[in-house]
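Please read the structure below before turning to the comments.
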Amino acid sequence: MSYDHKKLARKWARAWVKNKKLYAAQDGSKKPKRYVLDMFPYPSGEGLHVGHTEGEVATDIYARFLRMQGYNVLHPMGWDAFGLPAENFAIKNKVHPAKVVKKNVANFKKQMDAVGLGYDWAREINTTDPDYYRWTQWIFLKLFERGLAYEAEVPINFCPSCKTALANEEVVGNGVCERCGTVVERRNLRQWMLKITTYADRLLKDLDGLEWSEQLKSMQRNWIGRSEGAELDFRVYHEKQDKVLFACINEKGETLLERRKGGAFAGKWLFPGGKIEREDTDMVQAAMREIEEEAGFGARDVEYLGFLGYFHPKAGKGNIPLLVFRMKKKNAKPAANTGHELKWQSVDEMPKEYGHDEFVEMFEGVRDAVKTGRVFPSAVSVFTTRADTLYGATYAVLAPEHPLVQENILGIENYKEVSAYVVAAKNKSDLERTAEAKGKTGVRLEGVKAVNPANGRAIPVYVADYVLGGYGTGAVMAVPAHDERDFAFAQAHGLPIEDVVVSADANCIIVHGSPQKDRRQEAGYLPDNERHWLPWLKETMEARGVKTFAPSMPTPWAPRHEEWKKEFEKLPVGEQSILVGHSAACSFLMRWLGERKRKVKKLILIAPSKVLKGEETARLEELYAFDIDASVRTLADDIEIIVADDDIDRIKESARLFGEALGVKPLWLPHGGHFTFLAMGTHEFPEALAAATRMKKAFTDDGVLIRSGKFTGMTSAVARTEIVRFVKGKEVVNYKLHDWIFARQRYWGEPFPLVFCECCADEVKSQKSKVKSSTFSKGELLNPGWIAVPEKQLPVKLPNVKSYEPSGTGESPLAKIDTWVKTKCPRCGGPARRETNTMPQWAGSCWYYLRFMDPKNKKALVDPKKEKYWSPVDVYVGGAEHAVLHLLYARFWHKVLYDIGIVSKKEPFHKLINQGLILGPDKQKMSKSKGNVINPITIVDQHGADVLRMYEMFMGPLEDAKPWDTQGIAGIVRFLERVHKIVRATAGIKKATPAKSQNSELERSVHKTIKKATEDIEHFHFNTAISALMILLNEMEKQSQMSKINCQMFVLLLAPFAPFLAEEMWEILGKKGSVHAQTWPKFDKKLVVENMFDLVIQINGKVRDVVRVQKGISESEAMQQATASENVKKHIEGKEICKKIFVPDRLINIII
RNA sequence: GCCCGGGUGGCGUAAUCGGCAGCCGCACAGGACUUAAAAUCCUGAGGUCGCAAGACCGUGUGGGUUCAAAUCCCACCCCGGGCACCA
């Protein structure tokens, strides 16, 4: 007879509602606490899905288990209810989003109750409740006050379908909106930004102490993307530049003029600088020198402002950079050292007749630049993590967004082409950019050169979109030899590739196949290579910093593999080795690699020999007796076969053989025979060898420096800091993480507690220059005109509007409500207007876990005592989709709250578990379109909540993705039916419970199960805990009669998993009170210790018998047992036992 | 391409301080009960050979270490997730 799960659900749901204490967390308790939290859901119209319930059932089981263990457990639930779906539904159906939310919440709650989730509903919260978002606004004000919020007009990700801005974290895949999958546009919009980058380091470092999966931690680390490197300055100049001009400006905006003897001041107000040497890395220093010589002002008196651009004295002729300096001293008096007269002069006062119009124009330019700050550095600063490769920088690349290409101040000669490229790059979608990732495009800036600060070498400058404007300085030095992207670009554009770092264990091993002779006599050699190829190659490689070995092999005429192997293995062959074989040695190398399966960098086979032919090759038979192992092709990054087309037939055949096996086309050279004897012969062979040893891809590892001036021989690690110091660079840390775009142009979100006041804006601007004693907060100074709404006036409530429709122009619908927008400035009382953007979806969820600790507090976000008691969240369970969104934002806010003393712990969530996806029965992701969605409530209706809960937990490990098996539920249904049956049977026994002895074996099993279940639940291994309960039930059913006590134990163990049935069974067993308020059973240590064990008897590692024996038996006793076995006897008969391995309480292995 | 996971019967999985591979469940087969079916209960089952006792093979593939490998090492293949020009 099956039990009526619907009746149980009704009966116990009612009882639990009445029993208010059952799931309530107690404030001010002396008991140890545990805070078990689910990621609170967005209450969608769809209701709960199986993904929700998986995590929620897991935390519910855990919370029930902890309560039974005597902990004071906080296990609350709430609603993250701001957001687009409710708003869109509201727009479509013309209802207020709040009403939609209310309805959905009621549905969610009903469904959660149906699943038997024991939340402390007295602590329910909702992010859209003004009493809640009042504190969201309050936290925003704290961020604002501390200068962590700022307004900026930045290019942002805009979703044209959602009609709102998106955070970087919300753009997924190839630049599509995380929510709706629409391709995201770039738009410039005024935004509120949060300085999450300030916390980048702490967000990174504090990950270490958390019990999160490595996967998740690495996702966060990756997102933060910290990299240590340096900024190095590359002076940029125009090729035709030979002089420098500079202007000095004083505090009054006047410029320093010079009058030559007897002449007018006209036209001479700029000092023409002296000649700039190409190698002069610092144009500014040169100009300073000039200022000192001409006017007596030292480096301390003036400050370099920047670079205005190139000046062309006579249109098109000459390119003279114009630098601007400002006097630091007030009323500085110039004193000419040259006999010329000097004075400060305002351009306004300068009579027209004084000078050329173009000088006046330039002066205006200088003044304008100083005023607006539009000056440029005369050097390009690049960010690199590989300063050790600086000597290998053969060109520089600017991002299309870089100011030096945005405005042509460098005198780029092909600027039309360049700007066309820049525009094209800007219009490329992320999708296109990604698709083109492999082919690197770019345009050279004609006429412009950069100076490598290490060696003074002038290198070309490019603009290319493989350099990102938003990272580092938006400019890079390109080292093609040691960076894959630069390598690809250099290859595409024919730029030099010069390696300056070699692997510390790079070497070249040349094995000759025939007696080596130096033949330098033949005519017609290239002068450079007039030697045997072997010493030539050795020299060439060593010049590149590669250690080279050319071992003499024993018995070269009739080689023996083993002997060669012995000799060869004395050499340091490694992953960075280049192996060069010649003739018979090619066979040796192939054979050796096939045997040893060692990875090497390159394998070069010259005139390979393997094929035997008649008696002349009898001497080679031993060495060649092997099968070519084709897997050798995977062992070397690069394989070359070189053979001459007039070599003998068996060599040519060998070359084809090797080529086929290795998937390499042998290179046929037109001249030369078996190379050894022809030595270098003609140029083809050395060229082929040089090509074969050339870099085929960038070497990006650390190593030892070569060709790097005085740094040659240093390791990369040391050279990195030394070179930065040498070129006066600065060490900097960069992050991939950007500041958080914290505004949405929609209605249904938290209003910002800010107003804009023109009057205060002016006040702030004037105060800024007046310094110090400001009454404005950091945020108000940082954002002139934006004034914080006083805390007392919080919450700034979301007004009612007629239409929630977003405008799509970047204005929120709130902007249309004049009565709400127009307000008084809380500071000066003047007219002001409210911020009409709203906060993004993530705001409310950044701190909700704190509110659960003290949900009704009117005076504070959370009472400090309560916070201290409950923090941190001990276990947090939710989906992996929040890995870099919610979990990063919440950690950021938490750290800010920590800094202002609101919270006591550095991190909010100690242990975090991501439940794995539940896939449809077809093993595909569940989706409406695939029609494979399982609704948990359907399962509850059919089989009851207990079945749903246990089945979801039994499917497999919580964190794994696993498919739903509709038939698999039957197992759980049967299990619970059998539990019901056996408990009823046991409860019905009127007689006294059977004597203990009858049940002693079962009792052991019960206690072992208690142990197993307890440990498994502690580790969230619910699938194995349930399995243990099943095993116990199977055993119980074998008993003719059960004792009530064992039955009770079983029900207690079942209670967290199947709360309804367990409660019913508890009642049937005649026990008082709720089963969920009982104490979790403890196991008896004596009962779980076995005194017998299964001794495994192995012969030569194979199991031959298993006997059950006393624990602790000795080796000889075990041996006795073993030899007594028939099967064992059979196997050892007539054999000699040479060894015995005995593992106490486990096995004995007899070796014969 | 890079970084994390992972690969075990027909299926979900169990066993990882190296020590009996396949627990538990599903599906399956045979039997009992039944007029019959369902449900329930009992039994069986990794593969090959064998009446059986048992033997051999077997944890993605190949190799290695070891008395002993799903577990450790090396190489490769495949699947899932994340990142993707971050210098």
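In what follows, every chain begins at residue 1, and chains take the letters A, B, ... in the order their sequences are listed. All values derive from a computational prediction rather than experimental measurement.
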At under 4.0 Å, does any side-chain N or O of A/N1034 touch on OP1 or OP2 of B/G25? yes

Tell me what A/E1126 touches on the nucleic acid: a base, only sugar-phosphate, or nothing, going by heavy atoms under 4.0 Å. nothing

For the C1' atoms, the ones on B/C4 and on B/U59, what distance do you get once it is rounded to whole angstrom? 23 Å

Does A/N734 have a side-chain nitrogen or oxygen under 4.0 Å from the phosphate oxygens OP1 or OP2 of B/A87? no

Looking at every strand, decide which applies to A/K1012 at a 4.0 Å heavy-atom threshold: base, sugar-phosphate, or nothing. nothing

Between B/G54 and B/C72 - C1' atom distance, rounded Å: 33 Å

Can a side chain N or O of A/R1146 be found less than 4.0 Å away from OP1 or OP2 on B/C67? no

Any A/H482 side-chain nitrogen or oxygen under 4.0 Å from OP1 or OP2 of B/A87: no

Does A/N1149 make a side-chain N or O approach to OP1 or OP2 of B/U66 shorter than 4.0 Å? no

On a whole-Å scale, what distance lies between the C1' atoms belonging to B/G80 and B/C85? 25 Å

Take atom P in B/A45 and the same atom in B/G6, then report the distance between them in whole Å. 32 Å

Under 4.0 Å from OP1 or OP2 of B/C57: is there any side-chain N or O of A/K1102 that close? yes

Roughly how many Å apart are B/C83 and B/G12, using the C1' atom of each and rounding to a whole number? 31 Å

Taking only the C1' atom of each, what is the distance from B/C74 to B/A69 in whole angstrom? 15 Å

Taking only the side-chain nitrogens and oxygens of A/K1139, find out if one of them lies under 4.0 Å from OP1 or OP2 of B/C67. yes

Pairwise C1' distance, B/G81 and B/C26 [rounded to whole Å]: 27 Å

In whole Å, measure the gap between the P atoms of B/G58 and B/A53 for me. 22 Å

With respect to the phosphate group of B/A87, does any side-chain polar atom (N or O) of A/Y466 fall under 4.0 Å of OP1 or OP2? no

Ignoring backbone atoms, test whether A/R974 places a side-chain nitrogen or oxygen under 4.0 Å from the OP1 or OP2 oxygen of B/C24. no

Worked check of salt bridge (charged side-chain N to carboxylate O under 4.0 Å, His left out) between A/D233 and A/K730: CA-CA 9 Å; A/D233 284 351; A/K730 64 174 188 237; over 6 Å; no

Can you tell me how far C1' of B/C17 sits from CG of A/D1145, to the nearest Å? 16 Å

Think A/R221 has a side-chain N or O under 4.0 angstrom from the OP1 or OP2 of B/C83? no

Ignoring backbone atoms, test whether A/R978 places a side-chain nitrogen or oxygen under 4.0 Å from the OP1 or OP2 oxygen of B/U40. no

Can you tell me if A/K981 touches the phosphate of B/U40, counting only side-chain N or O atoms and a distance under 4.0 Å to OP1 or OP2? no

Any-strand Watson-Crick or G-U partner of B/C2, both distances under 3.5 Å: B/G82

For B/A87, take OP1 and OP2 only and decide whether either is under 4.0 Å from a side-chain N or O of A/S227. yes

